[in-house]
Protein chains: 2
Amino acid sequence: MYVRATAKMVADRAGVSPTTVSRVLNGKVEAISEMTADRVREAAEALDYRPNSLAVSLRKGSTATIGLIIPDIADAYFHQIARAVEDAARPEGFAVILCNTDREPERELFYLDTLREQQVAGVVFAGGGVNDDEHLRGRDWAGANVVLIGPHNLELPSIGVDNRAASIAAVHHLSEQGCTRIACIGGQPKWAIHQVRLEGLRQGLADIGEELDPELLWLGDFGLESGYDSVDAAMENGREFDGIVAFNDNAALGAIKALRKHGRSIPGDVAVIGFDDLPIATVVEPQLSSISFPRREFGETAARLIIQMARHEDVEAPGLFPFELKARASSLVAGVPA
Amino acid sequence: MYVRATAKMVADRAGVSPTTVSRVLNGKVEAISEMTADRVREAAEALDYRPNSLAVSLRKGSTATIGLIIPDIADAYFHQIARAVEDAARPEGFAVILCNTDREPERELFYLDTLREQQVAGVVFAGGGVNDDEHLRGRDWAGANVVLIGPHNLELPSIGVDNRAASIAAVHHLSEQGCTRIACIGGQPKWAIHQVRLEGLRQGLADIGEELDPELLWLGDFGLESGYDSVDAAMENGREFDGIVAFNDNAALGAIKALRKHGRSIPGDVAVIGFDDLPIATVVEPQLSSISFPRREFGETAARLIIQMARHEDVEAPGLFPFELKARASSLVAGVPA
DNA sequence: TTGTATGCGTTATCAA
DNA sequence: TTGATAACGCATACAA
């Protein structure tokens, strides 16, 4: 049976007190004789001593752990954020706890509680904004060190982009390509992300003298099947449209699949643009136009903020990140410029 | 400032000792008067008391946490496993710590150490099998509760599939489709996953009276670009082949992209089959044939094994999972059956 | 320059 | 049926 070495064992071996061991290994006090320090380090080495992080955390009142709450790690949008969070946390000695909520409010609450029990240094909360965040309002967030990624209706530090402007840009782009009957594949009305993008969409349409035909607003769950079903149903019902703004790439991909099934050419008959700019966007045929967000920076920044908070350092203001419209074959009616 | 309630605070409020609080809330002893128990529960409720899991773990010597070590959460193959691990852990009260290694041996070691420091209940180690696992041999695994997913050269409980047979099946499939010059997009020679799949490939070729042309064995890093570059280079060099077995879907997708660039039709000129059966496989055009693994079961089973070990329960033998060859348009030369 | 004593919050042992 | 005490491993205030 494997037994971990403790500070006391190191102390005994080095012929000093556990206090001294702690001091040497943490470099707390400069006033330690080199000889003693060497003996301690030697003993620690020999015993392969590692401080029990549980004990350290209990003593210090906080762990070197970041909770990451996302809807679904299996969603390409979030795993890039997750990766970035972990990459930023690792060199700082922080671990990342993975929490998938499927956007279920109870699960969000469950994890918020669980993570607090675990005394995490902070929580990165991405992709929430569910149900107007009712379930999260009025919570006592004191000392919780939460950073949000994406639109929420909460008074907490958050990083994100101007989704409204992004949505407007998408509509203008399709308009420039000659689209006049623009459809929208959204999420759920209660999702903040849906609300703000829809608002932008309506504004964009207004800019070009159009408005959203209620029959061309299709709600879904941001899944590929959901996008497919929306378009499939619309075609079955004889809806007319020449452009689609999908509020995420998964839905856009599903839409393309359905359009193809119904013999529509893309972008000739229907131009399509999504949100997220997932890696697949450049793999599929035609390549998918999309609004791109700096997901890695989202994750890195969020992690960095948490760590700064945990260390009681001055915390930089997150601010708004830029988006980029990647025009590709799926929406370039005149063809892709060489 | 938010202050957590402690067992002592609950005890004071209920007019009992912390010991009693612990007993009531953990249901340890039946011999507790209902009245006392009620008072304790009431006080706990009122104070929103949650046991400090750090203290509990320190006392008990183990946390309710599972370490998940994978090459890259941004890889579609692993995030499904990750999701399954988390789904299996959550209802049992276990949290999951995410660790990305990029298959770097030092990082694998780093995380193994870190996780041990954190007293995790166990470690799910997926996608390793790097460098003949030299760096992991001779380690003291006692009490580490490790479960491996995928091929490794280590004497530890592992779950996986018969990759050799899967590879053979892939070759036989292409052969049935009329392919005679079969190329291979592999990983790195030191990866166990590469070794075993390559062995199967050679066997499959032998079965049909062929053998692997060294010029048709292309090594890479399982990335999309890597698959693209391999095929692109091969075409530039005038290599002749009518079938490709890619050891993962990412590489297969890259290969298809390169084939298309060079004007080759799929599967007419070149039939392609991959491994992993990623969700994208059915989204791209043509749909990608692939060897499918029950990734969710991998993750669920691994998590369950860890939890059983942590609870000192009898541990089921993991065993071998079945694979399935999904024949789709990218390899069905005669077209997809209706 | 180093050691002793104390406490972080919990649970297990023993005694009452 | 309940409580006092000790211990998990560490870091800190204080003493020497």
inquiry  = Does this structure show an ion pair linking B:Glu297 with B:Arg304, if we count only N-O contacts that are shorter than 4.0 Å?
reply    = no
key: A:Asp113 bridged to A:Arg139 by N-O distance under 4.0 Å   = yes
Interatomic distance, [X] [atom1] vs [N] [atom2] [rounded to whole Å]:
X: A:Arg39; N: C:dT1; atom1: CZ; atom2: P; value: 15 Å
X: A:Met9; N: D:dC8; atom1: CE; atom2: C1'; value: 14 Å
X: B:Leu47; N: C:dG9; atom1: CG; atom2: P; value: 14 Å
X: B:Leu25; N: C:dG9; atom1: CG; atom2: P; value: 16 Å
X: A:Asp12; N: C:dT2; atom1: CG; atom2: C1'; value: 16 Å
X: B:Leu58; N: C:dT11; atom1: CG; atom2: C1'; value: 11 Å
X: B:Lys8; N: C:dT11; atom1: NZ; atom2: P; value: 16 Å

ask   = Do the two ring centres, one from B:Phe321 and one from B:Phe293, sit under 6.0 Å apart?
value = no
ask   = Quick one: are the ring centres of B:His152 and B:Phe125 less than 6.0 Å apart?
value = yes
note = Readout for nucleotides 11-16 of chain D: B = base within 4.0 Å of protein heavy atom, S = sugar-phosphate only, - = neither; 5' to 3' it is BBB---
ask   = For C:dT10, does OP1 or OP2 lie under 4.0 Å from any side-chain N or O of B:Ser57?
value = no
request  = Give a yes/no on whether any side-chain N or O of A:Thr20 is located under 4.0 angstrom from OP1 or OP2 of C:dG3.
outcome  = yes
key: A:Glu313, CD atom: more than 12 neighbouring heavy atoms under 6.0 Å   = yes
request  = Verify, without hydrogens or angle tests, whether B:Asn26 (side chain) and B:Arg23 (backbone) share a donor-acceptor contact under 3.5 angstrom.
outcome  = no
ask   = Under 4.0 angstrom, heavy atoms only, what part of the nucleic acid is B:Thr6 near: base, sugar-phosphate, or nothing?
value = sugar-phosphate
